[in-house]
Amino acid sequence: MNLHQSKLYFDDIDRTLAHVVGSEKLWNKRILVTGATGTIGSFAADALIRLNLEHKANMTVLLAGRSTERLRGQFGNTDNVVFLPYDLNTPIVFDVAVDYVIHAAGNAYPAAFSCDPVGTIVGNVESTFRLLAYAKSHGCQKFLYVSSGEVYGQGNPTMESFDETYSGYVDILSPRSCYPLSKRMAENLCVSFWKQYGLESVVVRPCHTYGPCITAMDNRAHAQFFRNAIAGDNIVMKSAGMQMRSYNYVADCISGLLTVLVNGKAGEAYNIANPKSIMTIAELAGKIATAGHCKVVFEQPTVADVANQSPILRQVLGISKLEHLGWIPAFCADEGIRHTLDILKEGK
């Protein structure tokens with residue numbers, strides 16, 4: 001899949017950049033992105049590369065991932081783009097100065113939480129500690145950690161939305177909690193580095209983010225729905241899908257993320273969501289089926305399917321803090337879904 005073959009993909013990146021508040025603050029900076037082949041990290045990388053090329057911003061974009069060969073194959077050879085070997089489970093092997101760090105690496109799909117909860121915890125916490133220590137010793141101006149809306153756990157389902165001060169219930173003795181609990185710990189590491197060492201750190205908590213950058217390993221419900229639609233198959237539901245969620249097209253996620261990177265207050269967390277894109281999983285499946293000209297069918301879940309299901313009934317994120325930075329989304333749900341399908345088809 002080569003997304004760079006899609007004109008629509010670059011059109012969406014341009015709309016993303018138009019909605020970043022204060023992007024000029026990134027000019028002449030060295031920006032490190034980990035997880036640069038993931039759903040969020042890869043779109044952030046393409047947006048930064050595009051910003052650099054279109055505005056001659058004299059930025060150096062440092063893209064870190066497990067395979068520099070894969071990074072080069074995905075992003076090509078472009079001036080002022082550097083590929084770095086990075087595995088969140090091992091010590092950092094590169095040694096370059098950085099101005100900004102976007103830490104987007106980590107397991108973010110249910111199969112990993114179920115099959116490798118220990119690896120999920122260690123990967124999230126140790127990688128964040130190593131990168132914070134690296135940023136502290138290499139001149140970093142600001143460190144941004146990509147957390148998750150799952151840190152709110154099983155929140156009060158009667159609440160309209162969760163703001164950044166809310167803390168819902170997370171079952172400490174459930175292995176499935178490896179993800180939200182390790183994300184919480186990593187967030188606290190960030191603010192602790194800010195307090196103890198003066199390293200400016202901010203946290204973003206994206207809601208359920210979809211888009212053309214979905215990875216092959218991603219087995220979240222929406223990723224499976226898009227794959228079904230692209231393949232011309234029916235969308236398979238393995239539950240009633242009544243859980244309510246905030247959803248966000250990845251282009252809006254990245255404009256919000258970059259806005260927080262340059263304008264967010266150190267030691268603070270910011271939700272990233274689209275207030276006009278709140279729906280149940282079943283409603284999302286229906287929208288993808290309509291856009292993809294297929295049907296939604298129901299299938300009895302396996303034991304593994306049940307184990308991968310989230311216990312969270314409602315996860316709707318309030319974004320007043322992000323709005324106060326001047327950010328507004330660019331894409332509605334129907335447009336984001338349609339663009340995801342069209343870009344994936346163009347990139348085949």
Side-chain angles (χ1 to χ4, degrees), residues 40 103-104 106-110 112-114 117-118 120-129 131-132 143-196 199-209 220 242-248 253 256-257 259-261 264-275 277-281 308-325 327:
I40 290 175
H103 183 25
N107 292 334
Y109 50 96
F113 312 156
S114 177
V118 173
T120 298
I121 293 168
V122 174
N124 281 336
V125 177
E126 286 198 354
S127 71
T128 305
F129 171 75
L131 272 171
L132 284 163
F143 184 104
L144 182 143
Y145 179 62
V146 181
S147 184
S148 168
E150 284 219 21
V151 298
Y152 297 113
Q154 299 175 54
N156 184 344
T158 66
M159 293 178 63
E160 182 177 346
S161 63
F162 305 148
D163 67 22
E164 291 83 354
T165 64
Y166 180 71
S167 180
Y169 170 71
V170 177
D171 184 357
I172 297 171
L173 296 181
S174 168
R176 174 62 176 74
S177 298
C178 62
Y179 184 65
L181 287 175
S182 58
K183 284 291 189 180
R184 285 183 173 190
M185 186 69 257
E187 286 192 19
N188 193 262
L189 266 174
C190 292
V191 298
S192 295
F193 261 76
W194 161 233
K195 176 178 174 55
Q196 188 167 345
L199 173 62
E200 290 200 19
S201 303
V202 289
V203 171
V204 292
R205 296 170 180 165
C207 66
H208 291 259
T209 302
R220 288 174 293 180
M242 291 297 101
Q243 303 95 320
M244 187 68 70
R245 300 283 187 260
S246 288
Y247 288 97
N248 206 8
C253 176
L257 182 154
T259 295
V260 173
L261 178 65
K265 183 179 178 182
E268 298 283 340
Y270 295 82
N271 291 335
I272 303 180
N274 187 332
S277 185
I278 299 169
M279 66 192 93
T280 65
I281 295 174
N308 286 335
Q309 290 175 1
S310 169
I312 300 171
L313 298 177
R314 183 179 179 85
Q315 191 181 98
V316 177
L317 308 187
I319 62 161
S320 61
K321 283 184 69 173
L322 183 55
E323 288 176 326
H324 286 155
L325 297 181
W327 180 83

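The structure presented is a predicted model; accordingly, all values stated were derived computationally and were not measured.
- In this structure, CG in Leu181 is found 7.5 Å from CD1 in Ile121, a value given to the nearest 0.5 Å.
- Applying the salt bridge (charged side-chain N to carboxylate O under 4.0 Å, His left out) test to residues at least two apart or on different chains, the pairs with a partner in residues 178-188 are Glu187-Arg205.
- A distance of 13.5 Å separates OG in Ser201 from NZ in Lys195, rounded to the nearest 0.5 Å.
- Contact between Ala186 and Thr128 at its shortest, heavy atoms only, is CB-OG1, 3.7 Å.
- Looking only at distances, a side-chain donor or acceptor of Thr209 sits under 3.5 Å from a matching main-chain atom of Cys207.
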Practice problem: Please report the C-alpha distance between Ile319 and Trp327 in whole Å, then the side-chain angles of each, then the deciding distance to 0.1 Å, and finally whether the side chain to side chain contact (heavy atoms under 4.5 Å, CB included) criterion is met. | Solution: CA-CA 10 Å; Ile319 62 161; Trp327 180 83; 3.8 Å; yes
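- Heavy-atom minimum distance, Asn107 versus Thr120: ND2-OG1, 3.9 Å.
- Considering CG of Leu199 and OG of Ser192, their distance stands at 11.5 Å, rounded to 0.5 Å.
- Applying the ring pair (Phe, Tyr, Trp, His ring centres under 6.0 Å) criterion to Phe143, with sequence neighbours excluded, gives no partner residue.
- Gly155 and Tyr166 make their closest contact through CA-OH, 3.4 Å (heavy atoms, listed as atom of the first residue, atom of the second, distance).
- Residue Leu261 holds its CG atom at 5.5 Å from CG of Leu144, rounded to the nearest 0.5 Å.
- Scanning for ring pair (Phe, Tyr, Trp, His ring centres under 6.0 Å) contacts around Tyr152 gives Phe162, with sequence neighbours left out.
- Every residue was checked against the side chain to side chain donor-acceptor pair (under 3.5 Å) condition with Asp171, not counting sequence neighbours, and none meets it.
- In this structure Glu200 satisfies the salt bridge (Lys or Arg N to Asp or Glu O under 4.0 Å) test with no other residue, sequence neighbours excluded.
- Here Glu268 pairs with Lys321 under the salt bridge (Lys or Arg N to Asp or Glu O under 4.0 Å) rule; sequence neighbours left out.
- Under the side chain to side chain donor-acceptor pair (under 3.5 Å) criterion, Ser182 pairs with Asn124, sequence neighbours left out.
- No donor-acceptor pair closer than 3.5 Å links the side chain of Thr158 to the backbone N or O of Asn156.
- A search for side chain to side chain contact (heavy atoms under 4.5 Å, CB included) contacts involving Ser127 returns Tyr86, Leu88, His103, not counting sequence neighbours.
- Looking at Tyr270, its side chain does come within 3.5 Å of a backbone N or O of Lys265 through a donor-acceptor pair.
- Listed here is the closest heavy atom pair of Ile40 and Cys253: CD1-SG, 4.0 Å.
- A donor-acceptor pair is defined here as one N or O able to donate and one able to accept, closer than 3.5 Å; no such pair exists between the side chain of Asn274 and the backbone of Asn248.
- Scored by the side chain to side chain donor-acceptor pair (under 3.5 Å) test, Arg314 finds no partners at all (sequence neighbours excluded).
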Exercise. Take Leu132 and Trp194 through the side chain to side chain contact (heavy atoms under 4.5 Å, CB included) test and state the conclusion after the steps.
Key: CA-CA 10 Å; Leu132 284 163; Trp194 161 233; over 6 Å; no
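- Between Thr280 atom OG1 and Gln243 atom CD the span is 8.5 Å, to the nearest 0.5 Å.
- Applying the 6.0 Å contact sphere to CZ of Phe129 captures no more than 12 heavy atoms from other residues, nucleotides or ligands.
- A 4.5 Å side-chain heavy-atom check between Val260 and Leu257 finds every atom pair outside the cut-off.
- Residue pairs meeting the salt bridge (charged side-chain N to carboxylate O under 4.0 Å, His left out) criterion with at least one partner in residues 149-169, sequence neighbours excluded, are Glu150-Arg176.
- Listed by chain and number, the residues in a ring pair (Phe, Tyr, Trp, His ring centres under 6.0 Å) with Tyr169 amount to none (sequence neighbours excluded).
- Every residue two or more places apart in sequence or in another chain was checked for a side chain to side chain donor-acceptor pair (under 3.5 Å) with Ser174, and none qualifies.
- The backbone N or O of Leu317 lies less than 3.5 Å from a partner atom in the side chain of Ser246, making a donor-acceptor pair.
- A distance of 8.0 Å separates CD1 of Ile278 from CE of Met244, quoted to the nearest 0.5 Å.
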